[in-house]
Amino acid sequence: MPHKQKIFNGLLVKLDKVDMPPEYSPDCANADTFTKGALKNITGTEKQHTTAFGSAIIAVHQLNGHEFCLSGSKLYKL
Amino acid sequence: MSTEIKTSLNPNLIPSITDFKGFAFWLDGDNIPYYQNEYSSWEWMHKNPTSTPTEVHSAGGSMSAVNGGFLYFYTEINMNSGENEYSSHETNPSPISTITGDFASKKVVLTLPASAVNTSFTHLKIYGTEDGGSTYYYLGKVAIGTTTFDDDDITRDANVPFGKLTTLANKTITQTYLNYPVKNHLYSVATKSRILVGGVRAKTDGTVAVTNGDKTVTGTDTLWTRAIVGDFFVLDGDTRPYEVDSWTSATEIELTEAYAGSTASGKDYSIEGIDDTVRWTAKHPSTAKPMWWAFPLDFYRRLISKDSSGVKGLNKIGNQPVVYKEHSHYLLTENGDDFIEQESNTQVGTCSHWSIVETGKTGSNIFMTYEGYFYETTGLGAVDLNIDLSKTVDGINKSRLKYVQAVWLNSLQWYIAIYSSEDSTVHDRMLIYDYTLKEWIIWKIKANCLAVMETSETDQTVFKPWMGSTGGFVYKMLTGNNLGASSGTLTGTITGAGAAYIDDSTATFYTTGDGLADVYISIFNADGDFVEEKLCSSNTGTRLTVAAWGTTPTVGFTYEVGSIRWYWKSKVFDFDSDNSKAIDTVLINFKKTSSASYVYVKFYFSNDPDMVGDTKDQTITFDTSQEYYEPLGLFDNRFRYCQYEISGHGVDDPIQISNLLLELQGYTR
């Protein structure tokens, strides 16, 4: 007999993985199930700038249409 | 090209950032609170002027005194922070001038300091009394550097007193100063007309030396700023708190009282403010305009309840602030210049101020609780959103809950939180909650911080999350199907390898600026299975260098730059009896791609419902550039429990699967 998986929903940890509805997943990563039940891979990222700041980025912020980042001991306007 | 807006901060402290009236206000419980716009920054925690204005009335003029004369003081203002002198950042007064007695038909000339004590403040505002009076009215302003001010008009404008005037029952008038600076708090939130602050950080870096009978505390590696003035110093092993009276340097402070304990050095310590208090800014007494720089001394509320913890977070719902402690939260309602709190009937608080978001028009906050669960609250009652990350495969590092950050992406109605998986000491997971669908997804992306940005794409305004990395880069999210470069070689075959590099002699890797630094390089074996991944530290056009591979990659293996490895596992299907059921065929329905991309359907069969220790039994591969008219067959299999996993990897290959069809020899119960 056929089993058809028509809808792919996201992560469910409230129920045991044997007892959960078949459209949910007990474990998934880097997947997107937010489009009409379809299963997609996620879209990636793009560097905003080409040269690294000297320290980890602690905060990113936007104000008055300008972007800022806090890196180490300095606040920069990007 | 970036511009430094603020420098010399004590580094690596997560700030609370609040936008208000065109400025961003920054607090981190350690550095001196400041505000900034796109041009500059200023200390929000202003200092009061210390010079005393002096008065002479020797020249002829229109002023006369018969009741003892006039008194004056000045304040410092930053005219770059508001529309005019009534809406700009202003300090409390300088010392008052010395009264000089009666005179007739003279002009009063004040001598003022040539510089301000608050860096980059622009003007001095001069206030004076009536003859013999004690109420101060605004007279005029001068630019910093102008050292004289002429008072030659005896009339005083009753509409512009300094601070707030209150007429008492006996008809006397009191004048209350309002412009007390913000204290050294940790969190902030803004309503339409006020900024609220709360929470404190215990400052413990370095060690100290104290001397019995001496007010001076000397630090080693202490990084103190004047923001700690007014906080309380406690030496390790001593229970008595001492208020910090003044700050001398990063390694020296003065207490209000001499230290009464034993002389000691190299000791641990704590400096901390009052942690259960929220304070808020004033509105102008006559215009009701926000005075975001003014925290009057009586504008505060201590949130005292059976939850004895301090304030752990602030946010708002509409125009009502919400205050979070560890095991409780409170909805505040503005009442004149006061706020009235109502405690939520759901006894949950937060582990992280930065996990709290306002959900726009839905009128709620979503936040992570102190125990690490996600709740949504109206301020008066909260509900569990049913996601326990400790039950996910990779778990959550609960020692890092205080660093959890989240944003609300209103355009998609997404709550996005970054957290650390169980064994990680950095945030390496991103939790996405679709508020409309009530669904959760986890993305394996390392992000040190998050923000939502308004940007323009193809002439449309869009809102996208941005993130910052520990590697010193800012990334735009949801912009494409790659975690690395937007140009250059992204995949290929390894032609040479060492302990810390791989070569591809045919590649043209992206080399602009720092090239592919901070991008993951993933290695796959001859079967296409993942081997390992490392962050690229540097690269040339043909060589990718990492800190060190676990195993020197094999020539002939393939690599991906910015690889996205994704998977979705099914539930565990139970076919009732052991070794009696089988799956014959499988077919997926997918969106056809123009170039070869592979989707793997992996089957796990077991007689154990936990599927413990089971490796994949069979893998069926679909090439999404091909067309399939018949399902693909599996080898013979017998089992009771079955689980399948749909997966793939790539750098820029959008994959969309709409359904999966299995032919079972048996039935699901």
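Per chain, numbering begins at 1; letters A, B, ... match sequence-line order.
Heavy-atom distances place both the backbone and the side chain of A:T33 under 4.5 Å from chain B. Using a 4.5 Å cut-off between heavy atoms, B:Y34 contacts chain A through its side chain alone, with no backbone atom that close. No part of B:W354 comes within reach of chain A, as not one of its non-hydrogen atoms sits under 4.5 angstrom from that chain. At a 4.5 Å heavy-atom cutoff, B:R429 makes no contact with chain A through either its backbone or its side chain. Both the backbone and the side chain of A:H49 come within contact range of chain B, judged by heavy atoms closer than 4.5 Å.
Per-residue counts of heavy-atom pairs under 4.5 Å with chain B were compared for A:A56, A:A59, A:C28; the largest is that of A:C28. Contact count versus chain B (heavy atoms, under 4.5 Å) is highest, among A:P22, A:P21, A:C69, A:S71, for A:P22. Highest contact tally toward chain A, considering only B:I432, B:L450, B:D394, is held by B:I432 [criterion: heavy-atom pairs under 4.5 Å]. When each of B:T470, B:T479, B:V586 is checked for heavy-atom pairs under 4.5 Å with chain A, B:T479 comes out on top. Counting heavy-atom pairs closer than 4.5 Å to chain A, the top-ranked of the candidates B:P654, B:G468, B:C449, B:A447 is B:C449. Chosen from B:L437, B:N448, B:I5, B:V474, the residue pairing most often with chain A at heavy-atom distances under 4.5 Å is B:V474. Of the listed residues A:N41, A:T35, A:D32, the one with more heavy-atom pairs under 4.5 angstrom with chain B than any other is A:N41. Heavy-atom pairs under 4.5 Å with chain A were tallied for B:G648, B:G472, B:P465; the largest tally goes to B:G472.
Distance CG/A:N30 to OG/B:S563: 9.0 Å, rounded to 0.5 Å. To the nearest 0.5 Å, atom CG of residue A:L63 and atom OH of residue B:Y35 are 13.0 Å apart. Interatomic distance, B:D574 CG to A:D19 CG, rounded to the nearest 0.5 Å: 9.0 Å. Taking CZ of A:F68 as the reference point, atom CG of B:N37 lies at 7.0 Å (rounded to 0.5 Å). Here the CZ atom belonging to B:F590 is positioned 13.5 Å from the CG atom belonging to A:L39, to the nearest 0.5 angstrom. Once rounded to the nearest 0.5 Å, the distance linking OG1 of B:T3 with CG of A:L75 reads 10.5 Å.
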Check against side chain to side chain contact (heavy atoms under 4.5 Å, CB included), A:F34 and B:E439: CA-CA 8 Å; A:F34 297 151; B:E439 271 192 52; 3.7 Å; yes

CA sep, side-chain torsions, deciding dist, call: B:W568, A:D27, side chain to side chain contact (heavy atoms under 4.5 Å, CB included): CA-CA 7 Å; B:W568 185 95; A:D27 180 21; over 6 Å; no

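The minimum heavy-atom distance between A:P26 and B:S570, with the atom names listed, is CD-O, 3.3 Å. The two residues B:M467 and A:V60 come nearest to each other via the heavy atoms C-CG2, 4.2 Å. The two residues A:Q62 and B:M453 come nearest to each other via the heavy atoms CB-SD, 3.1 Å. Taking both residues in full, the closest heavy atoms of A:S73 and B:P11 are given as N-CB, 3.9 Å, listed atom of the first, atom of the second, then distance. In this structure, A:I58 and B:Q405 approach most closely via the heavy-atom pair O-NE2, 4.4 Å. Nearest approach of B:I441 to A:L11, heavy atoms of both residues: CD1-N, 4.4 Å.
Around NZ of A:K14, the count of heavy atoms belonging to other residues, nucleotides or ligands within 6.0 Å does not exceed 12. A:I7 CD1: 12 or fewer foreign heavy atoms inside a 6.0 Å radius.
Counting heavy atoms from C-beta on, the side chains of A:D16 and B:V572 never come closer than 4.5 Å. Between B:W440 and A:N9, the closest side-chain pair of non-hydrogen atoms is not below 4.5 Å.
Remark: A:K47 is positioned above the aromatic ring of B:F473, its terminal NZ or CZ atom under 6.0 angstrom from the ring centre and at most 45 degrees off the axis.
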